[in-house]
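Structure, as structure tokens:
Proteins get letters first, then strands, A, B, ... in listed order; numbering begins at 1 in each. The structure displayed is predicted, hence computed values, not measured ones.
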Amino acid sequence: MKEISYWLFKAEPHIYGIDHLQAAPKKIGRWDGIRNYQARNFLRDQVKLEDQVFIYHSSCKLIGIAGTAKVVKPAYPDPTQFNPQSDYFDQKSNPDNPRWVSVDIQLTNICSKIIPLTELKHYSQLDNMALFKQSRLSIQPVTKEEWDFILGLF
DNA sequence: GCCAACGTTGGC
DNA sequence: GCCAACGTTGGC
């Protein structure tokens, strides 16, 4: 059994955020709609069962880390890519070789108070986070050191 | 709503 | 394979 890895998943809370996970049956939700190849590659090739995930809220009033989740189902074809009704529909994706994947995650903890991006930026321990270096990556790896440090802020 | 950064598309 | 045009992300 390989060691678990740590990740940060971005979400726009008005579309799908920690509140949606909280309200879902068993607090399990499908992480779909990822349409960026670098993020897709992480999701498809590296995110595995039991991995730990920070839920990060972006493009909203209170930007920052909102809680944690764990992966309960690793990569499988994202059904929204084949649904013409979906915003995430992708005409060019071939069902025999799906372009996009989803994972299912289960909410494990909600921060008593969202840890704001502005605060995270202050800690030198977090200087190397992809969050600051490559701000548009919606699925990004987190080191164990970063994970533990941020958990300490909960 | 603005706009910088950066990812994607398509003509050549 | 280059690169200009265009579209999207995401902080402010």
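- Taking the salt bridge (charged side-chain N to carboxylate O under 4.0 Å, His left out) definition, one finds that A/Asp148 meets it with A/Lys144, sequence neighbours left out.
- Side-chain contact check for A/Phe154 versus A/Ile115: some heavy-atom pair is nearer than 4.5 Å.
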Inset, instruction - State the dot-bracket string of DNA chain C. Criteria: Watson-Crick or G-U wobble, both atom distances under 3.5 angstrom; notation: ( ) intrastrand, [ ] crossing earlier pairs, | interstrand, . unpaired. - result: ||||||||||||
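- Between A/Gln38 and A/Gln140, the side chains place no donor N or O within less than 3.5 Å of an acceptor N or O (distance only, hydrogens not considered).
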Inset, instruction - Give the intermediate values and the outcome of side-chain contact (heavy atoms from CB on, under 4.5 Å) for residues A/Leu43 and A/Phe9. - result: CA-CA 10 Å; A/Leu43 214 49; A/Phe9 288 10; 3.9 Å; yes
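- Inspection of the A/Tyr16 and A/Asp32 side chains reveals no N or O donor paired with an N or O acceptor under 3.5 Å.
- Paired with A/Asp78 under the rule side chain to side chain donor-acceptor pair (under 3.5 Å), one option of A/Arg35, A/Arg99, A/Arg30 passes, and it is A/Arg35.
- Nucleotides of DNA chain B with any atom under 4.0 Å from a heavy atom of chain A span, from 5' to 3', B/dA5 to B/dT8.
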Legend entry - A/Trp100 and A/Tyr37: CA distance, side-chain angles, deciding distance, ring pair (Phe, Tyr, Trp, His ring centres under 6.0 Å) verdict: CA-CA 9 Å; A/Trp100 308 112; A/Tyr37 286 103; 4.9 Å; yes
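- Legend: side-chain hydrogen bond (donor to acceptor under 3.5 Å, both in side chains) pairs involving residues 105-117 of chain A, not counting sequence neighbours, sorted by first then second residue: A/Thr68-A/Thr108.
- Remark: aromatic rings of A/Phe82 and A/Phe89 are distant, center separation not under 6.0 Å.
- Using a 4.0 Å cut-off on heavy atoms, the residues of residues 56-64 of chain A that approach DNA chain C are A/Tyr56, A/Ser58, A/Ser59, A/Ile63, listed by number.
- With sequence neighbours excluded, no residue forms a salt bridge (charged side-chain N to carboxylate O under 4.0 Å, His left out) with A/Lys73.
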